[in-house]
Amino acid sequence: MKVVVDTGNHIAALAAKLAKPDVVAAYPITPQTTIVEKIAEYVAKGEFSGDYICVESEHSAMSACIGASAAGARTFTATSAHGLLLMHEMLHWAALARLPIVMVNVNRAIGPGWTIWSDQNDSMAQRDTGWIQIYCSSNQEIFDSIIQAFKLAEHKDVQLPVMVCYDGFILSHTSMPVKVPEQKEIDDFLPKREPAWVLDPENPVTHGNIIMPKDYPSIRKAMQDAQENAKKLIPEIAKEWKERFGTYHGDLIEKYRCEDADYIILSYAALGAESKVAIDMLRKEGKKVGLARLRTFRPFPSEDILSLAENADLIVIDRSISIGFEGPLFTEVKSCLYEKSDARVYGFIAGLGGKDVRYTDIGKIVDRVIERKQDGVLWYDMEGGK
Amino acid sequence: MGEEPSLIEICFHGRGGQGAVTAANLLVNAALRDGNKGVQAFPFFGAERRGAPVRAFARISDEDINLRSEIYNPDIVVVLDEGIMKTIDVLKGLKEGGCIVINSPKRPDDFPFSDKYTVATVDATGIAIRNELLVGGIPVVNAPILGAIPKVLDRVTLESIRDAIMERWSGELGKKNAKAAEEAYNETEVKR
């Protein structure tokens, strides 16, 4: 196994290539652009055997992926922010049609005011589309998660699309070392897709035709069951990967120094990694703080959250905001605990629009909780310095 | 530097087109070859324009790096364009006892801050021109400036920098860049 040092986006493109998709259809958008540039380079050099479709928009990108996936192809795309929002209708379609498309979303904040920097409002807004969402905190996790995502999406008990998310610039444009297995080893881990059904002129079937009200609930229930199945399969696939390749990033959540913690920080992606540095600092100060970095948003790791709350209060840091209410993770965490736990939950909004969040900021957030200065949701970006 | 802390943070200042981002990437590639387990390189997060001041960053550590925030207090500052120091305070945030590497034909003593910080100078532009490292007529100084870094940072060797350069640019171009790095290494003056 070789170690390469490269940016999150180039690592994503490499993972996509090694997964051998039959079709990639994508449209460039900052900060995702260097993924599709790299894949185009692979195509130009003859290193990519699948079809690469240049499309005129993200709506078309997802539409092309849907068509290809329905014809039995392994399918990959990537986008960010406004591109993801333009896909929204087709995201629902892909999930309801039970098509195992894998997509990278490089998290970027939404404009106007025009922004290219990171936050998670773009993917959080796709919560109800039926897609599985996985969030990464390092380039190694990006690589591993993309290949694992194909295995998860295509599993007969799942058959749902998977979105692999990571922070724009903070990971997409940062070089880190990544262990890369040989193509043969990836092929063994991820055999060719075996579709449950295909669109085939020789053997015609209809799909997506009108469905009467008495039957429609069953297709929604089947998707819900598939998400529940994914909850069990994500740890199994992560375990198999670890046994084969040695790297592991947690199951639905990654725990760090939680054993004796009085407070546990809950967050996603790069904020989760930075939180580890904060926790080491706080522990030196005698404060018992741990981290649960969530790797999935859908399926939501509700059982894990409940178990964390048995002995600790929870501090949620959202890098997104559901305008008119609060941080989306804050909402989900509290709903898991309703009538089942007495743990207190504190909500913070931090890092919107790429605002840098340092471990010292996370330390200040925890201190506010410990000193009981926190009430309701705090906009740390705007108040944290005071 | 003498006793190096586990985590070294480096800030590169240059102009768009000079190769600051590539320099940061090559440096961490070399650092990994030298057995540093954790490395990171990243540009300033934003739009880049040719000729405008740009920044790039590198982290080198014995352990996996969990930091994902920007660098505010570098151990080492690398200046690819001396002229930039007229408009940008490149010393901002530099750690006490830190080090500054400057692409300049001057000597370390010529810089008034050399009594406060370790200063290393090398005429990377001259070396780039001498070795025909030009893109669109503009000297690309990233390879020669990297040659100066092993002089002030023990945990990265010239050999690994050469290897990283040869991996990045194959054939003659790689050899020219590697030679420039080696010449810069030999010509770097350091005042501690």
Side-chain angles (χ1 to χ4, degrees), chain A residues 2-8 10 30-31 34 108 114-118 136-141 166-179 247 254 256 267-281 291 293 319 350-351 353-362, chain B residues 5-7 9-12 19-49 54-74 93 142 156 160-161 163-165 167-168 170:
Chain A
K2 64 175 187 275
V3 178
V4 300
V5 186
D6 214 336
T7 62
H10 282 178
T30 302
T34 51
R108 164 182 155 183
W114 209 239
T115 169
I116 53 172
W117 295 277
S118 185
C136 304
S137 68
S138 71
N139 292 8
Q140 184 75 58
E141 190 174 9
Y166 54 86
D167 310 72
F169 292 105
I170 299 169
L171 290 182
S172 69
H173 286 60
T174 295
S175 293
M176 296 183 205
V178 176
K179 289 181 191 142
T247 49
E254 178 198 20
Y256 183 73
S267 199
Y268 279 109
L271 270 182
E274 186 87 13
S275 294
K276 291 181 185 173
V277 184
I279 285 161
D280 290 346
M281 177 184 77
L291 165 75
R293 180 178 64 83
R319 197 168 206 146
K355 179 136 191 193
D356 202 23
V357 182
R358 304 180 69 189
Y359 66 96
T360 46
D361 295 315
I362 296 164
Chain B
S6 171
L7 173 70
E9 295 185 307
I10 301 162
C11 179
F12 292 81
V21 177
T22 305
N25 275 297
L26 287 170
L27 178 64
V28 302
N29 185 314
L32 189 74
R33 290 164 190 271
D34 283 320
N36 298 281
K37 193 176 164 207
V39 296
Q40 264 180 16
F42 52 100
F44 174 72
F45 302 143
E48 287 151 22
R49 290 156 298 150
V54 297
R55 283 187 294 158
F57 306 91
R59 289 190 170 107
I60 300 171
S61 176
D62 302 335
E63 297 157 31
D64 289 337
I65 298 173
N66 285 314
L67 289 166
R68 299 288 182 270
S69 47
E70 293 166 28
I71 291 174
Y72 296 85
N73 300 110
N142 48 18
V156 181
S160 294
I161 284 176
D163 290 347
I165 287 172
E167 184 186 81
R168 167 108 190 179
S170 56

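Every chain is numbered from 1 and lettered A, B, ... according to where its sequence line falls, protein lines coming before strand lines. Computation of the quantities below employed the complete heavy-atom set of this structure, encompassing side-chain atoms and omitting hydrogens, waters and symmetry-equivalent molecules.
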Straight-line distance of B:Glu70 CD to A:Ile170 CD1, nearest 0.5 Å: 8.0 Å
Check: B:Arg68 side chain, A:Ala269 main-chain N or O, donor-acceptor pair, under 3.5 Å: no
Heavy-atom pairs under 4.5 Å with chain B, option from A:Ser118, A:Pro177, A:Gly354, A:Ser172 with the top count: A:Pro177
Interface moiety of B:Leu67 toward chain A, non-hydrogen atoms closer than 4.5 Å: both
Top of A:Asp6, A:Val357, A:Val277 for chain B proximity - count of heavy-atom pairs under 4.5 angstrom: A:Val277
Under 4.5 Å from any heavy atom of chain B - which part of A:Ser138: both
Over all atoms of both residues, closest heavy-atom pair of A:His173 and B:Pro43: O-CD, 3.1 Å
Nearest-0.5 Å distance, CE of residue A:Met176 to CG of residue B:Leu32: 13.0 Å
Side chain to side chain donor-acceptor pair (under 3.5 Å) between A:Glu274 and B:Ser69, intermediate numbers included: CA-CA 7 Å; A:Glu274 186 87 13; B:Ser69 47; 2.7 Å; yes
Inter-residue atom distance B:Gln40.CD - A:Thr174.OG1, 0.5 Å rounding: 6.0 Å
Shortest non-hydrogen contact from B:Asn29 toward A:Val5: CA-CG2, 4.4 Å
